[in-house]
Amino acid sequence: MTAKHILSLSNAEFKNFIDSIDVILSDCDGVLWKETEVIKNSPETVNKFKKLGKKFFYITNNNTKTRSEFVEKCKDLKYDATVDEIVCTSFLSAVYLKEKKFDKKAYIVGSVGIAKELETEGIKHCGVGPDIMEEDEVEMIKNFKPDPEVGAVIVGFDKHFSFPKLSKAATYLQDPSVYFIGTNCDTERPSPNTNKFPGTGCFIKIIEAASNRSAVMLGKPESFLSEYIIKKYDLNPRRTLMIGDNCDTDILLGKRCGFQTLLVLTGITTQNDIDIMNTSTTNSKDLIIPDYYANELGDVLKMMITSS
Ligand SMILES: [Mg+2]
C-alpha cells in the first residue's frame, strides 16, 4: 500500500472518508503546535471537525505538564479543550499506579507535571528538581541512603537529568519488586526551528542500561494508552481517525488499533520520508504507512470546504 495525499482525493472520495469518521484522536506537538507556536490553519481545522459533529481528543506523549496545564496551553493557542479531552503521559503514570493500588512512594526522574498528577491521586513522590554532583562520584554513591518507601521509578523528560539521578534510579531498580515506568519512547522532540532535540526516550534508555531492566512504557504506540482510550472514549476503531506527525508512535498506534490514520508533515516526518515509504519494495508489513498524509492539517480544512 501507499500513503495517499489528502488533496489528491476527489470530492466524493473525501466525503466518504470524512463521513466514515466519528472520533478524531490527534497528537499535539508537530500537528497542532510546535512547542509554543501554533501551526497555522490547525485551530480552524479542529473547529471545523467539531462543527461537523466529530468528537476530538488531544493525545500527547508529552509528560512535562498536567492535563489542566494542557487545557491552558490549548486556550492560549486558540484550541477549545476540556480536561477530559486530554490524555498526556504524566497523567497516565498516575493512572497506571492507581490501577496497581500503589501505596508507596515514586522516585521521579522527570518533571513537576508528573509530580502534580501523582498528587491528584494521592500518590507520594520524590526526586523532582535539580540533583547535582557536589562531591566525588564514589563518595556520592557511598553516602546515598535509599528511601525504603520508594516502590516505583518513573522516568519522563527531565531537564535536570544528572549522574546522581541516574545512580539513584538504578539503585532503586535493583529491587525487582520496584515498578519501572517509562512515560514514552520518543527519542526526539520537534522544535520551532530545524534542530531536533533529545526526547524522553533517551533518559529511559540510559536508565534501562544502568539498571539492566526494561521499563513498562505507557504512551503511544503502547497498549496501555490504547486500551485506556478505547475504554474511556468507547471507541469504534473503524470510525476513529488517528492524526500525528510521527510514524513510530502516532501512526503505529493507529495501525495496531485498527484506526484510520493521517500523517502530517509539520513535525518530524518529511516529504522525503513519504517518498521512501511510497516507493519502497520492502514487504509492506514491515513499514508503517499511514492511509493518508497532508502537508499540514489545514489541507484537511481545504478539502472539508471544497467537498461540502
Ligand atoms: Mg508529535
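Side chains included, hydrogens not; waters and symmetry mates left out as well; all remaining heavy atoms used. First listed ligand is number 1; within each ligand, the first listed atom is number 1.
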Quick one: report the N, O or S atom of Asp245 that is nearest to the Mg ion (ligand 1). OD1
What's the atom name of the N, O or S in Asp27 nearest to the Mg ion (ligand 1)? OD2
Salt bridge check: are [X] and [Y] linked by an N-O gap of less than 4.0 Å?
X: Glu13; Y: Lys4; answer: no
X: Asp22; Y: Arg238; answer: no
X: Lys142; Y: Glu139; answer: yes

Examine all N, O or S atoms of Asp250, backbone included, and report whether one is under 2.8 Å from the Mg ion (ligand 1). no
Would you say the Mg ion (ligand 1) has Asp29 as a near neighbour, meaning an N/O/S atom of that residue under 2.8 Å away? yes
Can any side-chain N or O of Thr89 pair as donor or acceptor with the backbone N or O of Asn61 at less than 3.5 Å? yes
